[in-house]
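What follows is one structure encoded as structure tokens, with my remarks underneath.
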Amino acid sequence: MRLVMYPFKEIEAKWQRRWEESGTHRIDTSHPERHKYYCLVMFNYPSSDKLHIGHWYNYGPTDTWARYKKMQGFRVFEPMGYDAFGLPAENYAIEKGVHPAHSTAENIKQIRQQLKAIGAMYDFEDKEIDTSSPQYYRWTQWLFLKLYKNGLAYRKKAPVNWCPKCHTVLANEQVIDGRCERCSSAVTKKDLVQWFFKITRYADALLHGYKKIDWPEKTVLMQKNWIGRSEGVEMSFFVERSSKTIDVFTTRADTLFGVTYLVLAPEYPLVNELTVHSRKEKVAAYVEEAKMETEIERASIIREKTGIFTGSYATHPLSGERIPIWIADYVLTSYGTGAVMAVPAHDQRDFEFAKKFNLPIRQVIVPEKAPNNEQAYTGEGKMVNSGSFNELLSRDGRERIADCLEKEGKGKRKINYRLRDWLISRQRYWGAPIPIIYCKSCGEVPVSEDDLPVLLPSEIDLKKTHGSGESPLSSIPDFVNTPCPQCGKKARREVDTMDTFVCSSWYYLRFPSPHYEKGAFDPKAVKNWLPVDHYVGGAEHAVLHLLYARFITRALYDLKLIHFDEPFMRLVHQGVITNKGVKMSKSRGNVVNPDALINQYGSDVLRMYLMFMGPYEEGGEWNDNGIRGISRFLTRIWKMASEDCHHQKITANSQELKRIKHHTIKRVTAEMERFHFNTAISALMEYVNYLAKARRQIVLSDWQKEMETLFLLIAPFAPHLGEELWTMAGHKRSVFDERWLSYDRTALEEEEVTVIIQVNGRVRGRITLPANSSEEVLRENALNDKRIQKWLAGKEVKKVIVARGKLVNIVI
RNA sequence: GCCGGAGUGGCGGAAUUGGUAUACGCGGCGGUCUCAAAAACCGUUCCCGAUUUUCGGGACGAGGGUUCGAGUCCCUCCUCCGGCACCA
């Protein structure tokens, strides 16, 4: 089964060496670039694994795209670095009994070697980033301070997501179905004082930004849903025999007259105060119980509703009715006001609750169709039982009631967001320390920018601190104890570190000037190279990294530190490569090792096969055999280019030759633009198939021209081979300094075209006619065709449809 | 439950505004070369039926509709994948 292949090993080693030696991929970012193209792929996360096929699928085709853009005359910047801080890296280190700095450095060393084997246009000498280096995280801390000083970073006590296995809190975005994104443990709630970034201030701005960026609709939709803007009314219910009010938010003010009770979240601040004496014990027990539950238990919709009556009543703002106040865990403390008005007739959750606790259900909206009494009716309809609002359509009534509440000062229109502030504290070691000092007399004091970085101490026994629930840094007195920057008295450092997503929320700004020491980024380099023109990465980051990065960019823009407010102008998600039907992962044991494949087939073949598998954005199932096809293909080109050939019979139609060449250029270019690498490669294969057949009939000079066309078109897909072939053809400079070919429209025109003839929409024959034949000519020729005659015999022709250059359809 | 996306040969997939369904590749089969095999090359390959270089019929998840004409547009349903999921 051994394939005889072209000498890929020598070729790939040779060109990788040459590229490195000549500094081909070095980009000087200090000058403005008229045709700059910042092509970025999400940088590497070196936790423990080496590069696998998934990484390759991400990096290889992106480099092909970058090289294609380079050949189109752009100055392309394509950097690579390491998102080196983080929980998995720390867990890996603990497991191996080594220091994370050590294991991370080792991993990076290995991964860098693997990255080099791809043969991408990365500049490891000059434009590499390691987020765990003090030179980098110094500026992550600076970013924190910038946000802090502008009211965008703050500390508060809140019930937060706690992962019992990773021993740290998590952001909402890192909780998937109530489980930890990293280890899948059930997440619990903990009341802790934590640091947050005020992303909610940007909720609306983030929603408006989509207009100017070219992103997959799906991703934009996911972000929009995550931000979850909803318009409604916030109104007050007065509590009987009390000065207190309960504010509720609703998007359905039209159902206000259907309110039969109020519900507070168990964590609602007034719970104790509002509970009548005789019920205090029971209510306290319920609240306690709710606290103990995990997110999964509490969020389960299969579970029956639970709740308890406080014994208190409130007054309906319009009808003046007595409304009982209940407590139930189906109301969330973190959304809206933490209290809701319950309309069981028109809200499924309230309906279930009312059924269980025998609370009244009052219909105030009548649907057009007959209502189903087993469910709440949540649609629109005509209003009833709503006093002076009766007979209105719910859509209009909603506005009238809002008007009325606003006029009487009982409520106001409001917009609520599902988005919560970004919780960035982590009770872990391997991250950027939060640059804050707590002083008994001065309070919370930020570290001076000049004193950055707050160095992560290297001496630490993670095994000892792990699992204590305390941040590992709290075990190091030398780190914790520090004089207050303001008063000089004894003070303590913040011991939590920052979420790794903070590191990656700004890295694209540092890439053009990774060694800059006077700031997080050289303003000139940023001015010259940002925003990112083309960004490639997994769709799993839709509401994590991609949302955070947009927020940080907007914040820095408002602080006038950068000149743009959207970081990534165009976004592409690579699909997922599966093996045996599922995503590759070490735990499933279905990871395909790229190193072995490079050894067997070479880097160009592997990259090209990944692109050939299917549409880039859809990914696909890995198949060991398919790669042989690409290997044959490149070897065939190699042979065609290197073997002598006697051009005996010169019978080739040069017109046809030209047409096929231009047709190929057109197709490959169009497919590239669509990001359909697979069909671009198909077009190249068809071209090679044609050339192989026509080979002996082409004069040598024409043949050489055809081959050069092929080399130019193949270069971005197989960069090492492309360079080699170009050199063999006698060229001195790099093929990537050549221009991508454009096609000649007139060369595509054919003299004759084959037109199909249909009878009642079924293909019955075909005729070849001059391309410029008129409709009349097509029609006559079709009707008079022998094969067609037999179908028309004895029938009346009702209609003839002519599509010029394509078909004639005869309707009988 | 809600919101997206997708269902085409044995397999990965193609079909750009509705106009020859299955391009390209894998695999299979037959052949050339060889002592033999591998590799390479050539041919062949959706299914059924015959009068077998030709012809007819069927097939793009299922069913219906629009149209001269539907893989493509519309409706209903089924399956798979992704996201959200008590968000008031």
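By convention in this document, chain letters (A, B, ...) are assigned in the order of the sequence lines, proteins followed by strands, and residues within each chain are numbered from 1.
Residue A:F612 places its side chain closer to B:G12 than to any other of B:G12, B:C26, B:A88. Here B:U20 is the nucleotide among B:A15, B:C26, B:U20 with the atom lying nearest to any side-chain atom of A:V763. Residue A:N689 has its side chain nearest to B:C24 when only B:C24, B:A88, B:G13 are considered. The A:N623 side chain lies nearest to B:C11 when the options are B:C24, B:C86, B:C11. When distances run from any side-chain atom of A:I756 to the nucleotides B:U20, B:C84, B:G27, the shortest one goes to B:U20.
To the nearest whole angstrom, the two C1' atoms, one in B:A21 and one in B:G58, are 13 Å apart. Using P as the reference atom, B:G61 and B:G49 are 24 Å apart when rounded to the nearest Å. With P as the reference atom, B:C60 and B:C11 are 16 Å apart, rounded to whole Å. Atom C1' of B:G27 sits at a distance of 16 Å from the matching atom of B:U22, rounded to the whole Å. Using P as the reference atom, B:U53 and B:U45 are 13 Å apart when rounded to the nearest Å. Look at the P atom in both B:G25 and B:U44: the space between them is 13 Å, to the nearest Å. Comparing B:C2 with B:U17, their P atoms are spaced 31 Å from each other, to the whole Å. B:G9 sits 15 Å from B:C48 when the P atoms are compared, rounded to a whole Å.
Within the 3.5 Å criterion, the main-chain N or O of A:I365 finds a donor-acceptor partner in the side chain of A:Q363. Between the side chain of A:H573 and the backbone N or O of A:G537, at least one donor-acceptor pair lies under 3.5 Å.
Taking atom CH2 on A:W226 and atom C1' on B:G83, their separation rounds to 10 Å, with Å as the unit. Following rounding to the nearest Å, A:I176 (CD1) and B:G83 (P) show an atom-to-atom distance of 8 Å. Rounding to whole angstrom units, NZ of residue A:K806 and C1' of B:U16 are separated by 10 Å. Distance A:F351 CZ to B:G1 P: 18 Å, rounded to the nearest Å. Between the CG atom of A:D347 and the P atom of B:G1 there is a distance of 18 Å, given to the nearest Å. In this structure, CD1 of A:I630 is placed 7 Å from C1' of B:G25, rounded to the nearest angstrom. Between the NE2 atom of A:H573 and the P atom of B:G82 there is a distance of 15 Å, given to the nearest Å. Atom CE of A:M613 and atom P of B:A14 are 12 Å apart (whole Å).
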Are there any protein N/O atoms within less than 3.5 Å of an N/O atom in nucleotides 66-76 of chain B, and if so, which ones and at what distance?
| unit_1 | atom_1 | unit_2 | atom_2 | d |
| --- | --- | --- | --- | --- |
| B:C68 | OP1 | A:K799 | NZ | 3.4 |
| B:C68 | O2' | A:N809 | ND2 | 3.3 |
| B:C68 | O2 | A:N809 | ND2 | 2.5 |

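Each of A:L221 and A:G619 lies near RNA chain B, and the nucleotide nearest A:L221 is the one positioned closer to the 5' end. The residue among A:T337 and A:Y609 whose nearest nucleotide of RNA chain B is located toward the 5' end is A:Y609.
In this model, the phosphate group of B:G25 is not approached by any side-chain N or O of A:N678 to a distance below 4.0 Å at OP1 or OP2. In terms of phosphate contacts, A:R628 brings a side-chain nitrogen or oxygen within less than 4.0 Å of OP1 or OP2 of B:A39. For the pair A:R667 and B:C24, the criterion of a side-chain N or O lying under 4.0 Å from OP1 or OP2 is not met. Phosphate contact (OP1/OP2 of B:A85, side-chain N/O of A:N225, threshold under 4.0 Å): absent. The phosphate of B:C41 (OP1 or OP2) has a side-chain N or O of A:R636 nearer than 4.0 angstrom. Residue A:R418 places none of its side-chain N or O atoms closer than 4.0 Å to OP1 or OP2 of B:A88. Listed pair A:S682 / B:G25 fails the phosphate criterion, with no side-chain N or O lying under 4.0 Å from OP1 or OP2.
Ring geometry, A:W326 versus A:Y261: the interplanar angle exceeds 60°, so the pair is classed perpendicular (tilted spans 30 to 60°).
Among the heavy atoms of the strands, none lies under 4.0 Å from A:V263. Nucleic acid contact for A:T635: none, since no nucleic acid atom lies under 4.0 Å from a heavy atom of the residue. Using a 4.0 Å heavy-atom distance criterion, A:N416 is classed as making no nucleic acid contact. Using a 4.0 Å heavy-atom criterion, one finds that A:R766 contacts the bases of the nucleic acid, with or without backbone contacts as well. Residue contacts shown for A:R420 include a base, since a base heavy atom lies under 4.0 Å away.
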### Task
Could you go through the salt bridge (charged side-chain N to carboxylate O under 4.0 Å, His left out) check for A:E656 and A:K661 one step at a time?
CA-CA 8 Å; A:E656 185 190 65; A:K661 175 165 110 182; over 6 Å; no
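Contact check for A:T255 versus A:M341: side-chain heavy atoms found under the 4.5 Å cut-off.
Shown here for A:P344 and A:I361, the closest heavy-atom pair between the two residues is CB-CG1, 3.8 Å. Shortest non-hydrogen contact noted between A:A265 and A:T333 is CB-N, 3.8 Å.
Screening A:K410, A:K414, A:R413 for a salt bridge (charged side-chain N to carboxylate O under 4.0 Å, His left out) involving A:E234 leaves a single residue, A:K414.
Taking the centre and axis of the six-membered ring of A:F353, the NZ or CZ atom of A:K305 falls outside the cone set by 45° and 6.0 Å. Both tests hold for A:R550 against A:W215: distance to the six-membered ring centre under 6.0 Å, angle to the ring axis within 45°. Relative to the ring axis of A:W226, A:R418 places its NZ or CZ within 45° and under 6.0 Å from the centre.
Ring-centre distance between A:Y609 and A:W622: below the 6.0 Å cut-off.
Taking a pair as Watson-Crick or G-U with both hydrogen-bonding distances under 3.5 Å, the stems of three or more pairs touching RNA chain B are B:1-7 with B:78-84, B:10-12 with B:24-26, B:27-32 with B:40-45, B:46-50 with B:54-58, B:61-65 with B:73-77.
Between A:E380 and A:R398 there is a salt bridge, since at least one side-chain N of the basic residue sits less than 4.0 Å from a carboxylate O of the acidic one.
For B:G9, the base is syn relative to its sugar; the glycosidic angle is within 90° of 0.
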